[in-house]
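Structure, as structure tokens:
Ligands are counted one by one from 1 in listed order, and the atoms in each one are counted from 1 as well. Only heavy atoms go into these numbers, but all of them, side chains included; no hydrogens, no water, no symmetry mates.
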Amino acid sequence: MKIGVLALQGDFREHIQAVKISGHAGLTVRRPEELAEIDALILPGGESTTIALLAQTFNLLKPIRERIAAGMPVYGSCAGMILLADRILDGAQDQATFGGIDMTVRRNAFGRQVDSFESDLTFDGAPLRAVFIRAPWVEQLGKDVQVLAEVQGSDGARHPVAVRQSALFATSFHPELTGDLRVHRYFFDQVCAGAIK
Ligand code: GLN
């Protein structure tokens, strides 16, 4: 498969690395012509406000929304999760998203004291060590959204940190930073395999 990684800002190089180690072609995407080449897209971690503004500047906002509507598989990690949310809380004024997942995501949800932390969680039924960096959580979700992992927030409640809605998949955490490729493989084998003919 040809997997594109949106390369406007953030840790796209680590995702390209994970794509290649998993045996797929990894292509950086900065232009609509490059988007047209790929089978599936990864939205990296970084700063969702900056990525959204750059996507507008690089004429990618509308084409990515159109590909999402047409069923292209997309995986968003951290800022990428925010970019896949239909609704965001604590966003910048007029912050745009690509949208597609029927969920409300809260930016920087875990609070200032715990800007970054690691947590052992269960992802798709197996234990996984996850790295969170100024991460969002899912605050509300629609009935078609499946929860694949949760962690306890500073408010004491458990919040979804990995979700899927058909061909769209998002995690609050950064699997590209741990060298454990199971989350990327889940995207390639479970999400893309069914969606790409
Ligand atoms: N807090 C960032 C944002 O709002 C996301 C952080 C990350 O991607 N590590 O976009």
Side-chain angles (χ1 to χ4, degrees), residues 3-19 26 28-30 40-58 60-61 64-65 68 74-101 103-121 123 128-141 148-155 159-164 168-184 186-187:
I3 310 290
V5 181
L6 188 64
L8 301 176
Q9 191 264 341
D11 71 340
F12 54 89
R13 291 175 197 85
E14 287 80 356
H15 282 285
I16 291 275
Q17 217 28 43
V19 171
T28 52
V29 172
R30 295 190 183 88
L41 180 65
I42 295 177
L43 306 174
E47 183 51 54
S48 57
T49 51
T50 307
I51 297 173
L53 285 172
L54 288 172
Q56 265 162 319
T57 307
F58 282 64
L60 281 167
L61 191 66
I64 290 177
R65 283 181 178 157
I68 288 174
V74 186
Y75 166 41
S77 155
C78 202
M81 170 188 259
I82 297 166
L83 289 162
L84 281 177
D86 281 348
R87 299 167 297 278
I88 49 181
L89 295 168
D90 290 339
Q93 206 184 354
D94 298 329
Q95 182 173 346
T97 69
F98 302 121
I101 301 184
M103 63 178 175
T104 306
V105 159
R106 184 177 291 280
R107 285 180 70 218
N108 306 326
F110 290 93
R112 293 217 170 273
Q113 307 91 306
V114 284
D115 270 355
S116 307
F117 63 98
E118 295 189 20
S119 177
D120 289 308
L121 48 80
F123 172 77
L128 183 91
R129 183 127 189 108
V131 175
F132 294 81
I133 305 168
R134 293 180 63 72
W137 70 40
V138 179
E139 198 139 315
Q140 175 273 332
L141 40 75
L148 295 160
E150 292 181 326
V151 295
Q152 189 164 341
S154 38
D155 60 351
H159 293 275
V161 291
V163 293
R164 174 179 176 184
L168 304 177
F169 168 54
T171 65
S172 306
F173 51 88
H174 289 268
E176 75 283 7
L177 299 181
T178 58
D180 182 340
L181 292 175
R182 280 177 297 156
V183 175
H184 286 85
Y186 174 86
F187 178 57

task = Taking only Lys NZ, Arg NE, NH1 and NH2, and the carboxylate oxygens of Asp or Glu, determine whether D90 and R107 approach each other closer than 4.0 Å.
result = no

message = Among residues at least two apart in sequence or on other chains, which ones pass side-chain contact (heavy atoms from CB on, under 4.5 Å) with A109?
response = R106, W137

Atom pairs, nitrogen or oxygen, ligand 1 to protein, under 3.5 angstrom:
{"unit_1": "ligand 1", "atom_1": "1 (N)", "unit_2": "N108", "atom_2": "OD1", "d": "2.6"}
{"unit_1": "ligand 1", "atom_1": "1 (N)", "unit_2": "R134", "atom_2": "O", "d": "2.9"}
{"unit_1": "ligand 1", "atom_1": "4 (O)", "unit_2": "S48", "atom_2": "OG", "d": "3.3"}
{"unit_1": "ligand 1", "atom_1": "4 (O)", "unit_2": "R107", "atom_2": "NE", "d": "2.6"}
{"unit_1": "ligand 1", "atom_1": "4 (O)", "unit_2": "R107", "atom_2": "NH2", "d": "3.0"}
{"unit_1": "ligand 1", "atom_1": "8 (O)", "unit_2": "G46", "atom_2": "N", "d": "2.9"}
{"unit_1": "ligand 1", "atom_1": "8 (O)", "unit_2": "G46", "atom_2": "O", "d": "3.1"}
{"unit_1": "ligand 1", "atom_1": "8 (O)", "unit_2": "A79", "atom_2": "N", "d": "3.0"}
{"unit_1": "ligand 1", "atom_1": "9 (N)", "unit_2": "I133", "atom_2": "O", "d": "2.9"}
{"unit_1": "ligand 1", "atom_1": "9 (N)", "unit_2": "H174", "atom_2": "NE2", "d": "2.9"}
{"unit_1": "ligand 1", "atom_1": "10 (O)", "unit_2": "S48", "atom_2": "N", "d": "2.5"}
{"unit_1": "ligand 1", "atom_1": "10 (O)", "unit_2": "S48", "atom_2": "OG", "d": "2.8"}

key: Under the ring-ring contact (aromatic ring centres under 6.0 Å, His included) test, residues paired with H184 that sit two or more places apart   = H15, Y75

key: Sequence-distant partners of A40, side-chain contact (heavy atoms from CB on, under 4.5 Å), two or more places apart   = I3, P73, F187, C192, I196

ask   = Picking from T178, L121, V131, V151, what satisfies side-chain contact (heavy atoms from CB on, under 4.5 Å) with F173?
value = L121

query = More than 12 foreign heavy atoms under 6.0 Å from CZ of R13: is that the case here?
reply = no

